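Presented below is the structure to which this report refers.
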Amino acid sequence: MKIYNTMTRKKEEFVPLVPGEVKMYSCGPTVYNYFHIGNARPFIVFDILRNYLEYRGYKVTFVQNFTDVDDKIIRKAKEEGITEKEVADKYIEEYFKDAEGLGIKKADYHPRVTELIPDIIEVIKKIQDRGFAYEVDGDVYFDTAKYKEYGKLSKQDMEELEAGARIEVGEQKKNPMDFALWKKQKPGEPAWDSPWGLGRPGWHIECSAMAMKYLGETIDIHSGGQDLIFPHHENEIAQSEAATGKPFARYWMHNGFINVNNEKMSKSQGNFFTVRDISESYDLEVVRLFMISSHYRSPINFSKDLLDSTKNSLERLYIAKNNLLHLMGNAEDKEENEDDRAFRNRLLTYKDRFIEAMDDDLNTADAVSVIFDLVRDINSNINENSPKTIIKSAYDMFIELTSVLRIVNKEEESLDDEIERLIEERQKARKEKNWALADKIRDDLKNRGIILEDTPQGVKWRRI
RNA sequence: GGCGACAUAGCCAAGUGGUAAGGCAGAGGACUGCAAAUCCUUUAUCCCCGGUUCAAAUCCGGGUGUCGCCUCCA
């Protein structure tokens, strides 16, 4: 598999440190609110990466953190008159609800900053012992001047960065680019005891400490949004490599942004849609398919119209799946003929093409198009006369490929008795060529959200 | 100023040297009692100008336009 590595700005062949195993870390949310679909993009994309690597036989260990101490959480807690922990607990719970709707599996570890304070302190001590950090009156800063490779990920040199850097009031940095590893407690803020007195970790150090704790000193893949390249990931590299003297991450992956009217969607700009809001009008699976219909590094525009279009696409996939289930339920066992055998051979080519697309830096858009090609082939060549074995093979391939992307997952629901009765009544009317009654029942059901289709094997139904 | 991304049909979107995947929407046809679904047909001077090449959406140079990071941010 090839992965575009932000560090080298090239697609590189992916070779894990330990053959057959992948250690990956993805920056998770700061839990002070529902997350928006811009936040959702990396969650979905890297969930698919993880799933795909597992599909290809790797043993993957995946870590995604929750930032549960931070200025915004502290502010939110004050506003609502509750503790920081209560804010974090609530939005972690809500995160999992939305993530589940989006088809995102849980990571192997979801560490929280507040649970790893001792580990974080240990890492800071190591950095300090090795001479890459200094303390000023209860604050501990990373000394960027000591770390010669600072800027290697974002390709910035120190002078340029310093020109744009800002120093907050009250900070006592030696160098504008230095950043806090440990922040001295301010009145009313949560704090933990440390060798430097009461305080809390800086933002960047948590990811270094967590990756190290769960994955080791050198990890395979580190991922997040493009806006994290600088300063967050740059700082993570500096801290981690200062602490261990070893390379931190071998592959850096960054997803592009979601825009609204071509402007970046962000909480600070207020032009965002939360996943929770969207879930009231759309099945979140639509959002998942929307996200993976373009390459993860490209910017994408978001709008309700695009979601509607994606919704119709997804419908096509569901119809194909349910068709196959319907056919399988009624199919006969019989010999496969020459066309069937040709079809069976073709099935494997879709899998090959799918893998080829995914191997090319996770080209999910291309992978999805392979699934649509497969669907067309199925719709053209599989019907009520096909042998059960061939229908089953088509179905299995469809499920295999869609499962990697974790789309078209939902099971068909059952109908309530009254609707079953109406369908039977309509069938009776149709037999008697009472088209008026038959059409009336069909229209009524449509108004209730159920579409009927008459097929050679009886009536099929689906929800709108 | 530094670093970077993007520009392909009405809309979305793959494709990084051999002459344009896929989806949505639209039109026509087949099928159907009528539908629905499905299938078939149909819609692109690949932002502009040069250059390299037998051959460029794809490489190089120069434009134009849009956006992002450099400050909390996926």
Side-chain angles (χ1 to χ4, degrees), chain A residues 6 9 11 26-30 35-46 70-72 151 153-157 159-168 177 203 223-232 234 254-259 261-269 272 289-290 293-295 297-301 303 305-317 319-320 322-323 326 353 357 360 363-376 378-383 430 433-436 438-439 442-443 446 451-456 459-462:
Chain A
T6 308
R9 309 279 162 112
K11 278 188 201 173
S26 202
C27 291
T30 300
F35 65 91
H36 61 67
I37 61 161
N39 301 319
R41 189 173 193 187
F43 303 157
I44 292 170
V45 165
F46 299 116
D70 149 274
D71 289 346
K72 283 169 292 210
L153 180 67
S154 54
K155 311 290 181 226
Q156 302 275 348
D157 62 58
E159 284 181 22
E160 290 296 339
L161 285 171
E162 281 179 27
R166 225 192 281 167
I167 302 187
E168 300 287 329
M177 294 319 300
W203 172 40
S223 56
Q226 263 166 10
D227 53 351
L228 297 184
I229 294 173
F230 189 90
H232 184 56
E234 200 70 75
H254 294 96
N255 61 276
F257 288 119
I258 302 222
N259 299 323
N261 296 326
N262 282 318
E263 303 264 309
K264 175 179 167 181
M265 175 185 300
S266 73
K267 283 179 182 168
S268 50
Q269 288 194 40
F272 64 92
L289 180 58
F290 171 73
S293 295
S294 47
H295 188 89
R297 282 189 284 120
S298 310
I300 47 181
N301 243 318
S303 73
D305 283 350
L306 293 174
L307 232 39
D308 286 334
S309 164
T310 306
K311 185 183 173 197
N312 291 339
S313 301
L314 185 59
E315 183 73 16
R316 179 170 162 84
L317 298 180
I319 287 169
N322 291 332
N323 255 332
H326 190 244
R353 285 173 55 203
D360 183 15
N363 193 337
T364 52
D366 227 359
V368 168
S369 82
V370 173
I371 292 175
F372 277 101
D373 283 341
L374 169 65
V375 163
R376 164 163 293 133
I378 288 172
N379 287 338
S380 303
N381 293 291
I382 297 291
N383 56 44
R430 288 183 70 225
K433 298 201 190 298
N434 185 350
W435 307 125
D439 290 352
R442 187 170 62 193
D443 288 345
K446 190 176 177 187
I451 290 187
L452 296 187
E453 299 175 11
D454 301 322
T455 76
V459 189
K460 284 181 58 197
W461 63 272
R462 67 176 205 273

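Letters A, B, ... mirror the listed sequences (proteins, then strands); counts begin at 1. Quick caveat, the model's predicted, so the values are computed rather than measured. In what follows, every heavy atom counts, from backbone to side chain, and hydrogens, waters and symmetry copies are set aside.
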Nearest whole Å is fine: how far is [N] [atom2] from [X] [atom1]?
{"X": "A/Asp305", "N": "B/G26", "atom1": "CG", "atom2": "P", "result": "13 Å"}
{"X": "A/Arg430", "N": "B/U32", "atom1": "CZ", "atom2": "P", "result": "12 Å"}
{"X": "A/Ile258", "N": "B/A74", "atom1": "CD1", "atom2": "P", "result": "13 Å"}
{"X": "A/Asn312", "N": "B/A36", "atom1": "CG", "atom2": "P", "result": "14 Å"}

message = Using a heavy-atom cut-off of 4.0 Å across all strands, would you classify A/Asp373 as base, sugar-phosphate, or nothing?
response =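 Sugar-phosphate, backbone atoms only, no base.
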request  = Using a heavy-atom cut-off of under 4.0 Å over every strand shown, decide if A/Ile371 touches base, sugar-phosphate, or nothing.
outcome  =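 The residue A/Ile371 makes no contact with any strand.
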task = Measure distances between side-chain N and O atoms of A/Arg442 and base N and O atoms of B/A35, and say whether any donor-acceptor pair falls under 3.5 Å.
result =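 Looking at the base of B/A35, it does pair with a donor or acceptor on the side chain of A/Arg442 (distance under 3.5 Å).
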task = Kindly indicate whether the side chain of A/Lys264 and the base of B/C67 share any N or O donor-acceptor pair separated by less than 3.5 Å?
result =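 Checked by distance alone, the answer is no.
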message = Generate the contact string for nucleotides 7-18 of chain B. Rules: B means base contact, S means sugar-phosphate contact only, - means no protein heavy atom under 4.0 Å.
response = ----SSSSS---
inquiry  = Let me spell it out: for each of A/Asn262 and A/Ile37, pick the nucleotide of RNA chain B with the closest heavy atom. Which residue's pick is nearer the 5' end?
reply    =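 In this pair, the answer is A/Asn262.
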Residue whose closest nucleotide on RNA chain B lies nearer the 5' end, A/Gly224 versus A/Arg462 =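 By nearest-heavy-atom nucleotide position, the 5'-most residue is A/Arg462.
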State which of [options] makes the closest approach to the side chain of [X].
{"X": "A/Gln156", "options": "B/G2, B/G33, B/C73", "answer": "B/G2"}
{"X": "A/Ser313", "options": "B/A21, B/G23, B/G68", "answer": "B/G23"}
{"X": "A/Phe257", "options": "B/C73, B/C70, B/G68", "answer": "B/G68"}

query = Below 4.0 angstrom from OP1 or OP2 of B/A74, is there any side-chain N or O of A/Asn39?
reply =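 For A/Asn39, the contact criterion (side-chain N or O under 4.0 Å from OP1 or OP2 of B/A74) is met.
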query = Counting only side-chain N and O atoms of A/Trp461, is one of them less than 4.0 Å from OP1 or OP2 of B/A36?
reply =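 So the side chain of A/Trp461 is outside the cut-off, no N or O lying under 4.0 Å from OP1 or OP2 of B/A36.
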Sequence neighbours excluded, which residues qualify as side chain to side chain contact (heavy atoms under 4.5 Å, CB included) partners of [X]?
{"X": "A/Asp70", "value": "A/Thr30, A/Thr67, A/Lys72, A/Ile73"}
{"X": "A/Asn259", "value": "A/Phe257, A/Lys264, A/Pro299, A/Asn301"}
{"X": "A/Val45", "value": "A/Arg41, A/Tyr296, A/Leu362"}
{"X": "A/Ile319", "value": "A/Glu315, A/Asn323, A/Arg462"}

Sort out the partner of [N] for me: Watson-Crick or G-U wobble, both distances under 3.5 Å, none otherwise.
{"N": "B/U16", "result": "none"}
{"N": "B/C47", "result": "B/G63"}
{"N": "B/A30", "result": "B/U38"}
{"N": "B/G68", "result": "B/C3"}

query = With sequence neighbours excluded, what pairs up with A/Arg430 under the salt bridge (charged side-chain N to carboxylate O under 4.0 Å, His left out) test?
reply =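 Per chain and number, A/Arg430 pairs via salt bridge (charged side-chain N to carboxylate O under 4.0 Å, His left out) with A/Asp454.
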Residues in salt bridge (charged side-chain N to carboxylate O under 4.0 Å, His left out) contact with A/Arg297, at least two apart in sequence or another chain =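 Residues passing salt bridge (charged side-chain N to carboxylate O under 4.0 Å, His left out) with A/Arg297: A/Asp361.
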query = Thinking salt bridges, do A/Lys446 and A/Asp443 make one under a 4.0 Å N-O criterion?
reply =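 Looking at A/Asp443 together with A/Lys446, the answer is no, because their closest N to O distance does not fall below 4.0 Å.
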Closest contact, heavy atoms only, A/Val375 versus A/Leu317 =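 Nearest heavy atoms, A/Val375 then A/Leu317: CG2-CD2, 3.9 Å.
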Mutual orientation of the aromatic rings belonging to A/Phe35 and A/Phe43 [parallel < 30°, tilted 30-60°, perpendicular > 60°] =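 Because their plane-to-plane angle is over 60°, the rings of A/Phe35 and A/Phe43 count as perpendicular.
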request  = Applying ring-ring contact (aromatic ring centres under 6.0 Å, His included), name anything that partners A/Phe46, two or more places apart in sequence or on another chain.
outcome  =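 Per chain and number, A/Phe46 pairs via ring-ring contact (aromatic ring centres under 6.0 Å, His included) with no residue.
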I'd like a table of atom pairs between the protein and nucleotides 38-43 of chain B - only N or O on both sides, under 3.5 Å - with the distance next to each one.
unit_1	atom_1	unit_2	atom_2	d
B/U38	OP1	A/Arg316	NH1	3.4
B/U38	O3'	A/Asn379	ND2	3.2
B/C39	OP1	A/Arg316	NH2	3.3
B/C39	OP1	A/Asn379	ND2	3.4
B/C39	OP2	A/Arg316	NH1	3.3
B/C40	OP2	A/Arg376	NE	3.4

